[in-house]
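Scope of the values below: all heavy atoms of this structure, side chains included, with no hydrogens, waters or symmetry mates. Order of the sequence lines fixes the chain letters, A, B, ..., with proteins taken first and strands second; residue numbering starts at 1 for each chain.
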Number of protein chains: 2
Amino acid sequence: MIFSKRCLHALRAVLYLGTQPPERDFIPIREISKKLDIPFHFLTKILKDLADKGFIESSRGAAGGIRLAKPTAELNVKEIIESIEGEDYFSGCILGFSKCDSDNPCALHDRWVAIKEEIQKMLGEEHLEVLSTRIQEQGLRLLEM
Amino acid sequence: MIFSKRCLHALRAVLYLGTQPPERDFIPIREISKKLDIPFHFLTKILKDLADKGFIESSRGAAGGIRLAKPTAELNVKEIIESIEGEDYFSGCILGFSKCDSDNPCALHDRWVAIKEEIQKMLGEEHLEVLSTRIQEQGLRLLEM
DNA sequence: CTAATTGCAGACAAAGTTGTCTTAATTAAA
DNA sequence: TTTAATTAAGACAACTTTGTCTGCAATTAG
């Protein structure tokens, strides 16, 4: 599995938010936790991170919860993954070296450049707006079976 | 960083073996540990795994060490990565679900299929033979700077 | 045979990830 | 104003990954 649990939980939670009917405002974390089978307190921490990064907003108290901070058209999968796994998760060196570029390439640099650019392109194009409607229309899963 | 430390250490060690002159037989793990700056005992365990999987052979005692178990043309980067990270590391579901295919796709399935096939293709084509000569001819790095 | 050199095995430790629990702070509604 | 519902914060624990250490087993050189 390529992504950490934190990242998977974050992705699924954000996709859940994106697929909620627009008339819903703040959605309780408890609801997401139950629907997606993610440990509540763990999810709370992860979502707090996403809130600090500006992806979601939260409100305490009754009728509180979380909601997306931007329109779904302005949120893509890549930036959510990178906010959890680190900004250089896809752009970094495949051998983990901090300085690796065409001037000082690692042994796998050339081949990896092509792959990682493709990954970034595809995931960067994957906006929540399209994704959410696709999930709803085709009944795509956010849950383990 | 996409790969675990175990995997990076394994990759670099195998690439080191591939770039050694053919007249060298068994190469001491201590040498690899020093040259690549990888903790010795940790590396020993990782290489034991690779030996159990059939990628390398080892010999104890004086003049002992490890060597590749197959010709470099028959070893590629993909199988080494998968032997460390797990067979489904690249082929599995991006949301981590155990059952995810075209019949029961997860929310990101379609897009991810294209990317992961590309990754597997490229890394599967990356044989140690070509890689090693490229590393030697172009002086590519196996080390952090 | 002996000694030196190496990989092997397993206990242990340090650090990171994942998850649980309790309490506090905030908000809306009764 | 009280009460219920909710996020926030932080201590703690379980587990995994990463790394260290010690001694053992095998092999070769002398």
Inset, instruction - Mark yes when over 12 heavy atoms from residues, nucleotides or ligands other than D37(B) sit less than 6.0 Å from its CG; otherwise mark no. - result: no
Inset, instruction - Whole angstrom is fine here: how far is it from CD1 in I32(A) over to C1' in dA5(D)? - result: 16 Å
Inset, instruction - Name the closest nucleotide to the F42(A) side chain, picking from dG19(D), dT20(C), dT7(D). - result: dT20(C)
Inset, instruction - Using a cut-off of strictly less than 4.0 Å, decide whether K48(A) has a side-chain nitrogen or oxygen near OP1 or OP2 of dT7(D). - result: no
Inset, instruction - Starting at atom CZ of R12(B), determine the distance to atom C1' of dT18(D), rounded to an integer number of angstrom. - result: 15 Å
Inset, instruction - Quickly work out the I84(A) CD1 to dG16(C) P distance and round it to whole Å. - result: 18 Å
Inset, instruction - In whole angstrom, give the distance that lies between atom CZ of F26(B) and atom P of dT27(D). - result: 10 Å
Legend entry - NZ/NE/NH1/NH2 to OD/OE distance under 4.0 Å, K70(B) and E57(B): no
Inset, instruction - Could you pick out which residue, I66(B) or C7(A), lies toward the 5' side of DNA chain C when each is mapped onto its nearest nucleotide? - result: I66(B)
Legend entry - Given dT7(D), dT5(C), dA25(D), the nucleotide with the shortest approach to the side chain of R60(B): dA25(D)
Inset, instruction - Would you indicate which nucleotide in dC8(C), dA28(C), dT18(D) comes nearest to any side-chain atom of S58(B)? - result: dC8(C)
Legend entry - Nearest listed nucleotide, side chain of S4(A), among dA28(C), dT18(C), dG19(C): dT18(C)
Legend entry - Polar side-chain contact K45(A)-dG19(C) base: donor and acceptor under 3.5 Å: yes
Legend entry - K45(A) with D49(A): basic N within carboxylate O range, under 4.0 Å: no
Legend entry - Within one Ile-Leu-Val-Met-Phe-Trp-Tyr cluster: F3(B) and I119(A), side-chain cutoff 4.5 Å: yes
Inset, instruction - Rounded to the nearest angstrom, tell me the gap between atom CD in E57(A) and atom C1' in dT6(D). - result: 16 Å
Legend entry - Over all atoms of both residues, closest heavy-atom pair of L11(A) and V77(A): CD2-CG1, 3.8 Å
Legend entry - I46(B) CD1 - dA9(C) P separation (whole Å): 15 Å
Legend entry - Residue closer to the 5' end of DNA chain C, S59(A) versus H41(B) (nearest nucleotide): H41(B)
Inset, instruction - Name the closest nucleotide to the P39(B) side chain, picking from dG19(C), dG7(C), dT20(D). - result: dT20(D)
Legend entry - Interatomic distance, F3(A) CZ vs dT17(C) P [rounded to whole Å]: 16 Å
Inset, instruction - Measure the distance from CZ on F40(B) to P on dA9(C) and round it to the nearest whole Å. - result: 13 Å
